[in-house]
Amino acid sequence: MQKIGITTTVPVEVLIAASYQAIDLNNVLVSDPDPARLITIAERTGFPLNCCSWIKGIYGVCLDRGIQDVICVTSGDCSNTVMLMETLKLKGLNAMPFAYPDRPDKEQMNYTLQKLAAMLGTTLKAAEKVRKELQPVRDLALKLDEMTWKDNKVSGWENHLWLVSASDFNGDKGKYEEDLQKLIDVCQARKPYPEGEIRLAYIGVPAVYAKEIYPFIEKQGARVVFNEVQRQFAMPEPGESLDEQYTNYTYPYSIQERIRDIKAQLTQRHIAGVIHYVQAFCHRGIGDVVFRDAITLPILTLEGNADFFLNTHVKTRIEAFLDMIQRRNIIRAERKPVSTPGFPLSRE
Ligand code: SF4
């Protein structure tokens with residue numbers, strides 16, 4: 001199968017129908033033993049220092065791994081991708097644009113999918129067939145998500161890793177399904193996390209220091225039980241067709257679509273506090289203003305750049321945030337004792 005890089009989640013069903021093996025370039029970047037090396041490739045080419053590390057890293061991955069075909073999402077993700085695409089073309093790569101509609105509209109999405117299918121030499125009918133084949137795999141990812149917040153048997157990192165990988169199923173849906181089923185079996189046999197833990201939500205793009213932040217939070221007696229964007233990658237609202245599925249996918253559209261999804265999940269999952277991760281030099285960081293206006297729970301905004309580890313400054317801020325939530329919950333519990341099994345400290 002010919003590899004095709006993707007700069008973020010795209011309708012992967014169309015790519016598979018066209019006999020491509022989709023490779024999420026972000027996942028390749030963070031899995032590399034030395035991601036800083038890949039960013040340096042872009043900086044040596046002339047990418048500005050104040051350009052987002054994901055963009056630079058994706059460029060580095062394409063060149064380093066010899067990926068020839070790349071779908072660049074130019075609308076609904078990142079405006080920097082437009083220039084990334086130009087630089088990839090300059091290097092002789094076949095960089096193809098894909099633009100989500102500017103609003104969640106089924107008809108527009110249908111047109112967009114038809115165009116993508118035609119560009120890759122397949123049909124929407126063939127992609128619909130792939131959608132049905134992928135549904136059990138997506139269901140499994142969503143089962144892991146439910147086991148995270150409902151059964152309290154899955155770590156924040158495991159949740160992050162398997163949901164974020166639903167963008168390309170690690171390039172092999174069969175192996176993804178098999179390995180995920182094994183993890184689910186292991187998790188089912190586990191004891192649940194303790195009842196008194198602080199339940200957190202993580203919103204925003206995946207963190208460059210994801211590998212370290214989730215275990216660190218858990219060492220402090222808290223756990224991320226909702227990973228917003230990562231859950232969206234698993235398509236929690238699939239609907240009855242591809243156009244419905246990608247219309248219900250919130251990430252490419254207005255921040256208000258995301259807020260509706262986030263607020264519903266904060267309530268359902270009994271969240272006590274929210275971590276909003278923003279990437280340095282990313283336009284999405286401005287959205288922090290809107291999130292803070294819409295979400296009434298305590299919010300900690302963390303920024304990351306090219307640091308793939310948690311520095312002391314970030315660790316101290318997380319500790320202080322959790323300490324504040326703990327005290328807040330104790331005061332609330334003293335004022336109005338609440339005893340709901342499974343969610344004792346985080347209930348509003
Ligand atoms: S973090 Fe922001 S700037 Fe970087 S690739 Fe994602 S959307 Fe673009």
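Counting starts at 1 for both ligands and their atoms, following the listed order.
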Less than 3.5 Å apart, which donor and acceptor atoms pair up between the side chains of residues 201-215 and the rest of the protein, not counting sequence neighbours?
| residue | atom | partner | partner atom | Å |
| --- | --- | --- | --- | --- |
| Y202 | OH | V205 | O | 2.8 |
| Y202 | OH | A207 | N | 2.9 |
| Y209 | OH | E303 | O | 3.1 |
| E212 | OE1 | L310 | N | 2.9 |
| Y214 | OH | H160 | ND1 | 3.4 |
| Y214 | OH | N227 | OD1 | 2.7 |
| Y214 | OH | Q230 | NE2 | 3.4 |

Would you call K106-D243 a salt bridge at under 4.0 Å N-O? no

At a cut-off of 2.8 Å, protein N/O/S around atom 8 (Fe) of ligand 1 gives C78 SG

Carefully, step by step, assess Q232 and D261 under the rule side chain to side chain donor-acceptor pair (under 3.5 Å). CA-CA 10 Å; Q232 284 296 319; D261 170 57; 3.2 Å; yes

Apply the test side chain to side chain donor-acceptor pair (under 3.5 Å) to residues Q181 and D185: give CA-CA distance (whole Å), side-chain angles for both, the deciding distance (0.1 Å), then the verdict. CA-CA 6 Å; Q181 185 58 63; D185 293 344; 3.0 Å; yes

If the threshold is 4.0 Å, N to carboxylate O, is there a salt bridge linking E128 and R131? yes

What class does the angle between the rings of F47 and Y59 fall in, given that below 30° is parallel, 30 to 60° is tilted and above 60° is perpendicular? tilted

